[in-house]
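Step one of this worksheet: look at the structure below.
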Amino acid sequence: MATSVDTPPETPVQELRDHRETYEGFSRLVLFAVLHITLVLACMALAFLGHIPVLAVLLGLGGTVALLVAFAVSG
């Protein structure tokens with residue numbers, strides 16, 4: 001495989017650092033997805049089984065905003 005003349009070859013330390021950053025970013029994305037799916041399922045259960053759709057919508061919107069803010073601040 002030919003390498004570009006403009007970019008120097010990366011050292012193993014740089015490759016490891018880049019890989020770790022990518023892994024941590026992907027882990028945060030998966031955690032966010034799991035938490036958001038759990039929130040949506042809980043809100044659906046509250047709305048349909050608990051017969052409290054207004055509270056479910058408010059909890060869903062507030063929870064989504066809280067998750068977005070929490071992940072934006074911690075990142």
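Just so you know, these numbers come straight off a predicted model, no measurement behind them.
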- [ ] Enter the distance from L58:CG to I52:CD1 here, rounded to the nearest 0.5 Å.
- [x] 11.5 Å
Open item on the list: Once rounded to the nearest 0.5 Å, what's the spacing between atom CZ of F71 and atom CG of L35?
Closed with: 5.5 Å
Task: Any residue meeting ring-ring contact (aromatic ring centres under 6.0 Å, His included) with F48, in chain and number order, not counting sequence neighbours - done: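 In terms of ring-ring contact (aromatic ring centres under 6.0 Å, His included), with neighbours along the sequence ignored, F48 is linked to no residue.
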- [ ] For A56 and C43, work out which heavy atoms get closest and say how close.
- [x] CB-O, 3.2 Å
- [ ] Grab the two heavy atoms, one from H36 and one from T64, that are nearest each other, plus how far apart they are.
- [x]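 Heavy atoms only, the tightest pair is NE2-OG1, 3.2 Å.
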Task: Common cluster, L68/L61, ILVMFWY with side-chain heavy-atom separation under 4.5 Å - done: no
TODO: Please determine which of L39, T38, I37 meets the side chain to side chain contact (heavy atoms under 4.5 Å, CB included) test together with L41.
DONE: I37
Open item on the list: According to salt bridge (Lys or Arg N to Asp or Glu O under 4.0 Å), does anything in residues 18-34 pair up with another residue at least two apart or in another chain? List the pairs.
Closed with: R20-E24
